[in-house]
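I have placed the structure first, in the form of structure tokens, so that the comments after it can refer back to it.
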Amino acid sequence: MPLTVEQEARVLACTAAHGAAVEAGLGDYPFPHDRMVKRSVLEDVARRTGRPIELMVAWMRRVIDDETVRPLDTDLDATWPTRPDPADAALVVALAADPGCWYYEVRAALLLAERVLQHGPPPAELVDGLLALRARLEDDRLHSSEFFRAKALPWLLRLVAETSPADLVDLAFVDDHDQWAPVVVEAVHDADDPAATGRALLLLGSPRGGKPSKKWWTQAEALLAERPELAAFATDLLDAVTTVDVTARDDERDGWDVPDPFLLTPTNEQLARGLAWALRLVPADDARCEVLGRVVLRSAAMVWVVPAHRMLCPKLASATVDTLMEIDRELGGGAAETQLMSIVHEIRVPPLIRRIGPHLGMDEAQVDELIKALRSRGPLPRPDR
């Protein structure tokens, strides 16, 4: 997207201040189209000057203007400000929308935008930049990248939704490429307060890492205490995961005439995983535990994906097992323990069996025996045979 006059002036100032550091950070390689960054040089400048945003702007301008320079190959070890200047964040996001920038330039842009949104309404330039970056990340060419497909795009869609007015239902963070998405959209629109329900769903489904942050746990607990009906809402949405059909990709993969089936897109799997984690914060009854058990069985089902089998939704399966085990610890048996006992004998996923087995009091020999017994069930079917 074109930069404003003020943004162009800011880029020139950052380049003048840090252009020499950027030049020093470029490695000498024998081929002109194979120039990679010496990250340590840029990190040292960022630490000494305390100006990581300005350095990033100068770096991104060089990457965009000089096609012989490669983007960062890993993230800068830099301390980003907790309350960045909204205008600077908008500039970094606008630069990240250029195809010359890649993984970690985009990650820095999203991080800065997120921190701006945490402290107040964003400027119009930041909203425009997020929309331009969204158009870029939704390009099919980028969907082959695990980072863009499963991490950056869901993160960005949530940021876009957060910039919407409070009374507007913005479900941009729900990916419409699977069969679960229409169920989520319909449930939100049928709620008594669709806008508030949409924003609650945005929060509950927001954890991005391997586990939620302390801040998320605090916010989710407060939200569920204020709106207890959301527990039933989340349970119903997870229940729908067990009944919707899988979707097949239209194209062949790696020369195999076997379309890869998927139950939830990476974006929606992250949303469902957040809902599963959130349900450990509310009182658990037998019906809810039964739903969680069926979610594990469905999401842990093994399907043929070129060139091997894998679980339909491994992240959702793992998060739901976490919740069931936490419920079992709190209640000391009952429906959660029953579901876990059923799961450990039905799934065909050794890593999950090794997690659930010790929780149920099984020793290593018993767990190994369960995994060994998987062979007696015979090989999993392949759709090309």
Side-chain angles (χ1 to χ4, degrees), residues 154 157-158 161-162 169-176 178-209 211-213 215-244 263-300 312-328 330-331 335-336 339-340 343:
L157 293 177
R158 283 177 168 78
E162 288 181 19
V169 181
D170 188 339
L171 297 180
F173 59 93
V174 180
D175 191 338
D176 62 0
D178 61 30
Q179 304 300 315
W180 187 58
V183 178
V184 177
V185 172
E186 183 179 3
V188 172
H189 283 295
D190 288 346
D192 294 336
D193 187 344
T197 302
R199 289 193 171 273
L201 192 63
L202 179 65
L203 169 65
L204 295 179
S206 62
R208 295 193 311 272
K211 60 181 181 179
S213 65
K215 180 179 179 180
W216 180 87
W217 284 117
T218 301
Q219 292 176 330
E221 187 173 19
L223 177 64
L224 291 169
E226 180 184 352
R227 300 188 57 193
E229 72 277 6
L230 289 175
F233 180 80
T235 303
D236 290 342
L237 290 184
L238 288 175
D239 193 16
V241 173
T242 69
T243 57
V244 296
L263 178 60
L264 301 179
T265 64
T267 301
N268 290 345
E269 184 176 5
Q270 180 177 313
L271 171 60
R273 181 183 65 167
L275 297 179
W277 273 326
L279 286 183
R280 74 168 67 176
L281 298 172
V282 297
D285 53 26
D286 291 358
R288 184 165 292 136
C289 290
E290 193 267 336
V291 169
L292 293 173
R294 287 191 287 109
V295 169
V296 175
L297 293 178
R298 183 75 190 282
S299 55
L312 273 174
C313 296
K315 294 179 181 178
L316 176 57
S318 179
T320 311
V321 165
D322 287 343
T323 295
L324 279 171
M325 291 195 299
E326 186 63 27
I327 293 172
D328 186 36
E330 292 180 0
L331 300 182
Q339 292 299 322
L340 289 169
I343 290 167

Exercise for the section: Mind checking salt bridge (Lys or Arg N to Asp or Glu O under 4.0 Å) for Asp236 and listing every partner two or more places apart, or none if nothing turns up? Expected result: none
Problem - Non-hydrogen side-chain atoms of Leu237 and Leu271 separated by less than 4.5 Å - result: no
Problem - Reported CZ-to-OG1 distance for the pair Arg273 and Thr323, which is rounded to 0.5 angstrom - result: 11.5 Å
Practice task
Using modelled atom types only, decide if a donor and an acceptor are shared between the side chain of Thr243 and the backbone of Ala240 within a distance under 3.5 Å.
Solution key: yes
Completion exercise
side-chain hydrogen bond (donor to acceptor under 3.5 Å, both in side chains) pairs touching residues 186-199, sequence neighbours excluded, are Thr197-Arg227
Handout entry: Gap separating the CG atom of Asp328 from the CZ atom of Arg280, nearest 0.5 angstrom
Key = 12.5 Å
Practice task
I would like to know whether Trp180 and Val174 meet side-chain contact (heavy atoms from CB on, under 4.5 Å); could you show each step before the answer?
Solution key: CA-CA 9 Å; Trp180 187 58; Val174 180; 5.9 Å; no
Practice task
Could you check Val296 against Gln339 for side-chain contact (heavy atoms from CB on, under 4.5 Å), going step by step and ending with a plain yes or no?
Solution key: CA-CA 9 Å; Val296 175; Gln339 292 299 322; over 6 Å; no
Handout entry: Leu230 vs Leu223, side-chain contact (heavy atoms from CB on, under 4.5 Å): CA-CA, chis, key distance, verdict
Key = CA-CA 9 Å; Leu230 289 175; Leu223 177 64; 3.7 Å; yes
Handout entry: Flag side-chain contact, heavy atom, 4.5 Å: Trp217 against Leu281
Key = yes
Exercise for the section: Return the set of residues passing salt bridge (Lys or Arg N to Asp or Glu O under 4.0 Å) with Asp239 (not counting sequence neighbours), or none when no residue passes. Expected result: Arg294
Problem - Nearest-0.5 Å distance, CD1 of residue Ile327 to CG of residue Leu279 - result: 7.0 Å
Handout entry: Under 3.5 Å side-chain donor-acceptor pair for Thr242 and Arg298
Key = no
Practice task
State, with a plain yes or no, whether a side-chain heavy atom of Leu171 is found less than 4.5 Å away from one of Val184.
Solution key: no
Fill in the blank from the handout: Rounded to the nearest 0.5 Å, the CG atom of Leu316 sits from the CG atom of Leu263 at a distance of 8.0 Å
Practice task
Flag the pair Ser299 / Lys315 as yes when at least one side-chain heavy-atom distance between them is below 4.5 Å, and no otherwise.
Solution key: no
Problem - Approximate separation, where rounding is to 0.5 Å, of Thr265 OG1 and Asp178 CG - result: 4.5 Å
